[in-house]
Structure formats: C-alpha cells, structure tokens
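Reviewing the structure listed below.
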Amino acid sequence: MAAPAEKPATPTAQPVAFAFEEADIASLQSRMDKGELSSHALTQAYLDRIAAIDEAGPALNSVIELNPDALKEADARDTERKAGNKRSALHGIPVLLKDNIDATPMANSAGSLALANHKPKTDAYLVQRLREAGAVILGKTNLSEWANFRSTRSTSGWSGRGGQTKNPYALDRNPCGSSSGTGTAIAANLAAVGIGTETDGSIICPAAVAGLVGIKPTVGLVSRSGIIPISHSQDTAGPMTRTVADAAVLLAAITGKDDADIATQANVGRAVFDYTANLKTDGLKGARIGVVRKLMGYQPDVDAAMEKAIVSIESSGAEVVDVEIPTLGKWDEPEFEVLLYEFKAGLEAYLAKSEAPVKTLTELIEFNKKNAAAEMPYFAQEIFEKAQAKGPLSDAAYIEARTKARKLAGPEGIGAALKANKLDALIAPSMSPAWLTDPISGDHFTGAGYGAAAVAGTPSITVPMGDSHGLPLGITFMGPAWSEPRLIELAYSFEQATKARKAPKFLPTVTPQNEMAKAVK
C-alpha cells in the first residue's frame with residue numbers, strides 16, 4: 001500500500017480572483033433569496049476552487065474527499081427555495097467536515113489507510129442536523145491522523161490517507177491540528193464554513209493559525225455520535241469560520257439533544273438555537289475580563305499582539321485585570337492518562353457500531369506495522385501502544401485520573417479564576433505563529449492558551465487578533481460551562497472593533513518584514 005504522493009511545496013501560480021472571496025453566510029443568503037445566485041452555482045464554484053488551488057496551484061491538500069452528491073443536494077435546496085421552503089440561514093450553504101465525522105456516502109477514515117474504504121451507513125447526528133438545516137455537505141477535510149493521537153512526534157496536518165496539508169499563509173508552514181484541513185480550507189475560501197473537532201486544541205489551534213474564528217463548545221452542547229473518538233470527557237465538534245457571525249449560525253445548527261450521546265442530556269435548558277441574537281457590537285461594554293499572563297511570554301510578536309488586543313478590549317468598555325489559573329499545567333499528567341483509557345474504549349465501541357473493517361486497537365496497531373512504509377514513514381504509534389496496554393474504564397487508576405484532571409482544570413482552575421475575580425471570561429493568546437512543517441522531528445510550537453477549557457470541558461472561542469510577519473495570531477476567550485452566548489458577544493465585539501482577519505496570499509514561505517524592508521531599500 002503506497003503512501004500518497006506529496007504535492008509540490010511551491011505554487012505554480014498565484015490563484016486567480018474568486019467571486020466568493022471572504023463571502024459570509026448572510027451575503028450568500030441574500031443573493032440566493034434575490035435569485036441572483038443558486039446553491040448549485042455556489043457549490044460548483046467551491047468545487048472549481050478546490051480543483052484549482054487545493055489539488056493544483058498552491059496544492060493545499062486540505063480536502064480529502066468530495067461528496068459525489070453535493071450538486072444534487074444543492075439542486076434539492078434550490079427547488080425548495082423556489083417553492084418558498086427555506087429551512088434556515090444555512091439553506092443551500094456548502095459546508096466541509098473533518099474526516100472523522102460520519103457523512104454518507106463518503107468514507108470516514110480519521111486519515112488512516114485502515115479505514116480508507118470505511119463508509120458508514122448513516123450520518124453523524126450533527127450532520128443530520130446540518131442537512132435538516134438545509135446545508136450542502138461539500139466534502140471531507142484532511143486531518144492529523146487519528147486526531148493527532150498516535151505518536152508524540154507526529155506532524156500536524158499529515159495523515160496516511162491524505163498526506164500533508166499546508167498552511168495557506170505560507171506553504172512551508174504547518175496548519176496545526178488536528179482539524180488541519182478544515183482550517184486551511186475555510187481560510188482559503190474552499191467552502192463557506194467548516195466543522196472541526198477538538199479534544200485539546202484541535203479546533204482552537206488550526207483556527208488561530210489560519211486566521212479563523214473557532215468555537216470549542218461546552219462538552220455536551222454538540223453530539224459526538226458518529227464521530228471517531230478520543231475522549232468522551234473532552235471531545236466535541238465545533239464551527240470553524242471566517243467570522244463570528246458565521247460561527248454563531250453554524251453552532252446553532254449543530255446544537256441539540258441526542259439520545260445516543262448521554263453528554264447532551266445536560267444541554268437541555270442550556271442550549272441556544274439562535275446565537276445570532278448575541279452578535280452585539282457593544283458586547284464588551286461593562287464586561288470584566290481576566291488576562292492570564294502566565295500563558296504569554298513565549299514569543300514577542302504574540303505578546304505585542306495581546307497587548308494591542310487588551311487596549312482594544314478596554315477601549316470597547318471592558319475592564320481587564322491580570323489573573324492566574326491556580327492549577328495551571330497540573331492537570332497534564334492525569335489528562336493524558338484519561339485520554340489513553342478513553343481512546344481505547346471509545347474507539348473500539350465506534351468501530352463495532354459502525355461496522356468498520358477493523359474492530360480493535362490491536363488490529364489497527366498490526367495494520368500500521370504491516371503497512372509501515374505508508375502509515376509510519378515519519379513517526380510511529382507509541383500512543384496507540386500505551387493506550388492498548390490500559391485496562392477497562394472501571395480501573396481505579398482511570399477513575400482517579402478523570403476526577404483529578406477535571407477538578408484541576410475546572411473548579412480549581414478556570415472556574416476558580418473566573419469566580420475569585422468575578423469575571424465574564426478569561427483571555428490568552430490562542431497559539432504561537434505557525435511553525436515550519438517538519439516531518440522528521442514533528443511539531444514544535446512554543447505556546448498555547450486553550451488547555452484549561454479543553455480539559456475542563458468548558459467553552460472557548462478564538463478570534464484573529466493580528467499577525468507575526470503575515471502569519472495569523474488569535475486570541476482565545478474562555479468562560480464557564482454553557483457560556484457560549486456571552487462568549488459570542490465578547491468575541492463579536494472584539495472582532496468588529498479590530499477587523500484583524502486578512503485573507504491568505506499562498507506565499508511559498510515567510511519573508512520577515514524587516515528583511516522585506518531591507519530589500520526595498
């Protein structure tokens with residue numbers, strides 16, 4: 001079994017102008033409502049865009065599979081619209097999904113060649129919700145294989161099935177992960193909006209380095225049924241979009257109570273089905289925000305952007321105070337123990353239920369060994385092997401680790417900081433700038449601010465706040481469980497005050513700005 005051929009690192013030419021560059025849901029809906037645009041034409045335009053710059057041109061390699069029924073779905077939505085049946089704000093809007101989410105008639109592989117021909121018979125619950133809302137499923141995006149839970153030396157954005165996804169801002173830079181393909185695709189305008197999934201950073205990081213808005217919801221707001229899992233304690237799906245407004249629309253569409261996911265029982269009475277009501281330009285006015293400075297200090301450009309962001313937040317009427325998360329970093333060891341236990345149990349349950357061609361983690365380990373040239377050319381599977389060695393979820397070691405991790409990150413961590421300082425939210429830099437992709441040594445980012453919310457199971461939102469030599473930087477807003485409405489208010493107000501997002505230019509590499517200045521002289 002051969003590994004996919006790697007695409008050229010440099011573009012053959014700059015992409016041609018795109019009619020729907022940076023188009024948002026509201027403008028697309030307005031044009032379709034007026035009869036100026038059809039879902040068919042819009043879907044075809046995105047398919048053409050994928051062919052032109054994902055498969056050719058810069059060869060971003062972010063889309064792993066196209067939905068063969070995408071145009072048929074678009075035609076059906078157009079017919080409904082003409083009959084006066086517009087389902088929602090997502091009606092006729094093309095959406096890309098991370099390739100760990102069941103969506104018929106496509107494969108769901110987690111990027112692994114072991115599941116390359118695995119075609120689930122039903123849609124994931126969130127995909128059912130999207131289709132009920134009238135969205136067009138455009139295709140699936142590449143990801144860090146197994147959502148970056150196979151090796152400690154993995155390279156984000158690489159999978160055995162899909163190869164290496166590139167960062168559209170500089171093609172030799174990494175797209176982060178594990179929702180790498182979704183981040184790159186939406187930044188590059190290959191679809192209107194996209195869905196990623198996160199266990200710890202897999203929405204926030206790729207969204208931040210792609211200049212996107214990413215929402216990591218409260219665990220239980222969005223169903224995980226039909227999603228290849230890592231951890232039922234931390235997994236969630238969420239929106240990855242170019243604007244907060246689009247993220248609000250997409251989050252409302254995928255929110256819901258699913259009898260097959262017990263975690264969603266907790267969202268009854270807490271879920272909101274119209275987050276657009278929270279799109280307030282004055283959302284920061286009167287807010288009290290805590291900046292976690294211990295999550296800064298690892299990169300000068302990041303710190304400078306954060307200081308500028310803080311000034312903007314204060315200018316918008318918020319009070320910003322320095323705070324500490326008392327238990328910062330103390331949850332790392334128990335968190336990893338939890339993930340090892342829950343991965344094995346959750347994965348094998350998914351494989352059995354979806355009638356996958358492999359049934360156990362042991363079989364996957366053996367598959368990788370037999371197909372090492374294609375599956376392990378750069379890094380191994382030591383995390384798989386550690387997970388395989390774990391016992392059942394009734395083990396005392398697992399129960400202790402689960403309790404400790406959630407307590408340290410939640411009530412004694414992010415919760416304590418919010419409560420002690422009477423805060424609406426915490427803020428921190430989302431991520432370092434995108435690093436050079438290095439398949440030999442793996443990822444080497446220098447800092448991140450999303451961990452507490454990920455382990456606590458509470459919501460976070462990243463929004464563009466600036467750049468480092470043209471590489472996007474994001475700021476993350478974190479709040480208590482079920483605080484998505486308030487976080488959207490804060491994030492939208494910040495976004496409207498700063499307008500920091502810049503579309504990518506598909507440069508082959510980064511030229512530091514001081515070097516550019518010298519060249520001009």
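As the structure is a prediction and not an experimental result, all values here were calculated from the model. Throughout, residue positions are numbered sequentially from 1 according to the sequence presented.
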Distance only, no hydrogens: is a donor on one side chain within 3.5 Å (strictly under) of an acceptor on the other, for [X] and [Y]?
X	Y	value
Arg161	Ser109	yes
Thr182	Lys98	no
Thr362	Gln388	yes
Asp24	Ser27	yes

**Message:** Tell me whether the count of non-hydrogen atoms from other residues, nucleotides or ligands lying under 6.0 Å of NZ in Lys359 goes above 12.
**Reply:** yes

Does [X] reach the main-chain N or O of [Y] with its side chain, forming a donor-acceptor pair under 3.5 Å?
X	Y	answer
Asp235	Ile230	yes
Gln29	Ala89	yes
Arg77	His40	no
Asp78	Ser39	yes
Glu489	Gly283	no

Between [Y] and [X], is the closest basic N to carboxylate O distance under 4.0 Å?
X	Y	value
Glu495	Arg501	no
Glu337	Lys390	yes
Asp259	Lys257	yes

**Fill in**
Residue pairs passing the disulfide bond (SG atoms under 2.5 Å apart) test with at least one member in residues 192-241, sequence neighbours excluded, are Cys176-Cys205

[X]: what forms a ring-ring contact (aromatic ring centres under 6.0 Å, His included) with it, not counting sequence neighbours?
X	answer
Tyr492	none
Tyr46	Phe18
His118	Tyr350

Pairs under 3.5 angstrom only: tabulate donor-acceptor contacts from the side chains of residues 211-219 to other protein residues two or more places apart or in another chain.
| from | atom 1 | to | atom 2 | distance (Å) |
| --- | --- | --- | --- | --- |
| Lys216 | NZ | Ala453 | O | 3.2 |
| Lys216 | NZ | Thr458 | O | 2.5 |
| Thr218 | OG1 | Trp482 | N | 2.8 |
| Thr218 | OG1 | Glu484 | OE1 | 3.4 |
| Thr218 | OG1 | Glu484 | OE2 | 2.9 |

**Request:** Would you mind listing every salt bridge (charged side-chain N to carboxylate O under 4.0 Å, His left out) that reaches into residues 111-125, with sequence neighbours excluded?
**Result:** Lys121-Glu355, Asp123-Arg131

